Amino acid sequence: MKKHIILLLLATFSLSSAMARPSRDAESEKSTLSEKYQEYKSQKVYEFSVKAGFNLGGSAPMGLPAEIRQINGFSPTLALAITGDVTRWFNAHWGMTAGLRFEIKGMETNAGVKNYVIKLQNDGGYIEGNYWGDVITKVNNQYLTIPVQAAYRASERWTVRAGLYASFMLHGNFDGEALNGYMRTDPTDPKLETSAPYDFSEDLRNFDWGIDVGAQWVAYKHFSIYADLTWGMLPIFPDSFTAVDFKMYNVYVNLGFAYVF
Amino acid sequence: MRKQILSLLALAGALLLPTSCIKDEEPNVECDIESIVVADNSLITNVKIDRDQALVSLKRKSADFASEINPSYVVSEGATYTVDSRSDNGAVHTEHVTVTSENKEYSKTYTVLYTPTQIPDSFSFEYWKTDGKFEETYEKGFSIVVDGEEIHYPDIDIYLWDSGNLGFSAVAGSKKAKEYPTFSTDIAAKGSYAARLITRKTGSLGATLNKPIAAGNIFLGDFSGDGINMLKEPLKATRMGYPYDKIPTSIEVRFKYKRGTYDYNDNVFKTREGGPDFCAFYAIFFDNVKAKEENPLDIPTLDGSNLFTSESIIAMANLHTCDDPEVRKYENGTDGEWVHIELPFKSYIEGVTDYREAIDIERLKAQEYSLTIVACASYYGDYFEGAIDSEMIIDDIKLHYETVE
């Protein structure tokens with residue numbers, strides 16, 4: 001994994017130095033900027049695009065724990081993603097893409113649980129219990145994301161990409177409620193038929209990185225549709241956070257339209 | 001193009017699939033007695049199942065336990081039970097039942113008593129047991145009259161009182177038993193111990209649940225969340241009263257009271273009438289057949305939602321509606337002193353002055369009337385209204401009554 005990261009970093013570096021050169025050329029030569037642009041465009045060395053789409057997926061454990069007995073409901077919510085990116089083509093097939101994305105990764109789930117460990121905050125302290133009933137989870141995290149990917153143009157219409165992303169959280173929300181059931185503070189303690197709201201927004205990790213692989217298909221001259229799978233490598237909560245018994249990762253598919261300049 | 005979108009969606013779905021597989025269910029960890037099934041249900045007046053003891057109140061001494069009662073236990077899903085011992089001691093039948101969870105990791109041994117239950121003539125709150133995380137008071141030894149003869153059982157513990165401590169445990173975290181709303185104290189008017197009731201804050205979590213306080217309280221009955229949604233109808237968690245085959249005339253109690261000033265938000269607390277907090281002490285005598293008709297769970301008890309409104313109520317002795325202002329004033333505070341009061345029962349039936357006239361003696365003998373006693377550090381505590389640190393200590397309750405031939 002480390003080796004791949006280094007390779008990608010090197011690739012990014014060469015990309016940025018490649019981007020730096022044309023501006024110096026622009027000074028030395030007397031052609032106008034628009035002429036330059038037309039030239040690049042005809043060469044198709046740089047390809048700029050803006051993408052608008054939404055994230056579909058979950059901030060979820062890798063494999064559901066046995067305490068989750070059924071999924072009563074799932075909503076991807078309106079998790080928008082706006083990307084601006086540039087691809088530097090090195091030859092007819094290979095290139096490098098880097099961009100900046102504002103995105104929301106969010107979802108709402110309703111799961112039927114049995115003996116599910118819940119820890120609830122009460123005046124700063126935690127109350128631990130086991131819950132039998134339903135657990136609703138609402139996630140809505142805003143990230144500023146930098147994807148860096150290798151691009152491969154497979155045909156006139158298909159381009160596939162693979163790389164990494166780094167995300168910085170602008171605002172995070174992770175809350176929910178246990179309801180329609182009962183809690184026990186210990187399996188031998190009596191049932192308490194109650195609901196229990198929780199909010200772990202403050203505990204979310206501010207950084208995420210992961211794998212970003214995707215495909216893009218040219219529908220019209222400038223319009224493409226795209227899908228990118230972004231798979232987080234960092235649990236959304238730090239290791240020091242113990243209120244949820246399992247590690248959760250951001251796994252989302254970013255789907256949408258691209259306008260290619 | 002639609003095809004491409006669909007294939008992209010399918011790809012997305014396939015990639016997410018591994019995260020959505022439901023695992024095989026693990027063996028259950030619960031080990032409760034959920035209910036007790038008996039052969040002749042008409043013999044049962046009340047069933048109270050606590051953490052590891054249960055009291056099944058019978059109308060009369062069972063003539064033939066094996067055929068009339070012959071109990072079986074409904075336990076948690078997957079759990080199993082064994083009856084470790086059965087013993088008969090006059091009118092009292094005792095069973096020790098061990099329930100083991102499906103995963104074999106947890107077990108509890110319940111002491112289950114089957115007995116005619118009679119409310120004692122006095123209570124002094126001398127005996128307390130830590131039941132899980134909080135304290136519960138019990139009567140050490142009790143007496144019952146069987147066939148006109150009083151039998152005393154000195155070694156049988158009987159749990160008649162309950163409190164809202166179980167509800168508080170949901171927000172209590174690591175709080176000690178003495179930090180709960182209801183617990184024992186050695187500040188006693190008589191004997192060594194008394195019941196101390198303090199209105200507590202339930203914290204940010206309690207406030208989110210619209211239960212910002214938990215008033216210290218104690219009552220004759222059972223606090224149970226079975227069959228109700230404790231969040232939506234918390235008043236129904238209190239099942240009040242046990243059969244009483246005498247006509248109560250008055251009730252005596254010794255208590256101390258000091259009210260708190262502030263609410264859970266540190267604002268000056270005001271009751272719904274706009275005044276400061278005050279305490280509650282009352283006893284209610286009611287027709288348990290009518291109460292059962294009113295009860296959606298078909299239980300012959302009153303609960304917080306109909307405690308003052310039920311058609312079944314015959315008579316009440318209530319400090320708050322006491323005619324004597326010299327007695328009533330103590331609901332506001334006792335200046336750190338113990339006070340000793342006696343409250344007469346007054347008719348609760350409209351148009352009837354002497355409630356004795358409304359009592360059917362045959363039905364009284366048949367245990368179709370019940371009595372409950374309630375004490376609370378904040379009068380509207382059942383509605384989660386009260387001043388933090390309102391504190392009541394009660395001791396030495398005596399019931400006065402007329403017996404019928």
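Not measured: the values here are computed from a predicted model. The chains referred to below are lettered A, B, ... by the order of the sequence lines, with proteins before strands, and numbering in each begins at 1.
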Here the gap from W132(A) atom CH2 to E77(B) atom CD, rounded to the nearest 0.5 Å, amounts to 10.5 Å
In terms of heavy-atom pairs under 4.5 Å with chain B, the winner among R184(A), E67(A), K114(A) is R184(A)
**Message:** Check this for me: K178(B), atom NZ, are more than 12 non-hydrogen atoms of other residues, nucleotides or ligands nearer than 6.0 Å?
**Reply:** yes
Under 4.5 Å to a heavy atom of chain A? For A207(B) that would be neither
Cut-off 4.5 Å, heavy atoms of chain B, and the answer for F74(A) is neither
OH/Y152(A): more than 12 non-hydrogen atoms of other groups inside 6.0 Å:
yes
- Query: Does the side chain of C31(B) come within less than 4.5 Å of T188(A)'s, by heavy atoms?
  - Reply: yes
CG (L192(A)) and CZ (F168(B)) are apart, to the nearest 0.5 Å, by 12.5 Å
(message) Do the side chains of K191(A) and D32(B) get close enough for a salt bridge, i.e. N-O under 4.0 angstrom?
(response) no
So, the part of K201(B) with a heavy atom under 4.5 Å from chain A: the answer is neither
Around atom NZ of K119(A), are there more than 12 heavy atoms from other residues, nucleotides or ligands closer than 6.0 Å?
yes
One should read off an interatomic distance between D199(A) CG and S204(B) OG, to the nearest 0.5 angstrom, of 10.5 Å
CG of D189(A) to CD of E30(B), rounded to nearest 0.5 Å, is 12.0 Å
So, the part of S101(B) with a heavy atom under 4.5 Å from chain A: the answer is neither
Between V29(B) and P187(A) the two heavy atoms that sit nearest each other are O-CB, 3.7 Å
| query | How far apart are the C-alpha atoms of K23(B) and I68(A), what are their side-chain angles, what is the distance that settles it, and do they pass the side-chain contact (heavy atoms from CB on, under 4.5 Å) test? | reply | CA-CA 8 Å; K23(B) 289 214 177 107; I68(A) 294 178; over 6 Å; no
Heavy-atom nearest pair, A66(A) first then D24(B), reads CB-O, 4.0 Å
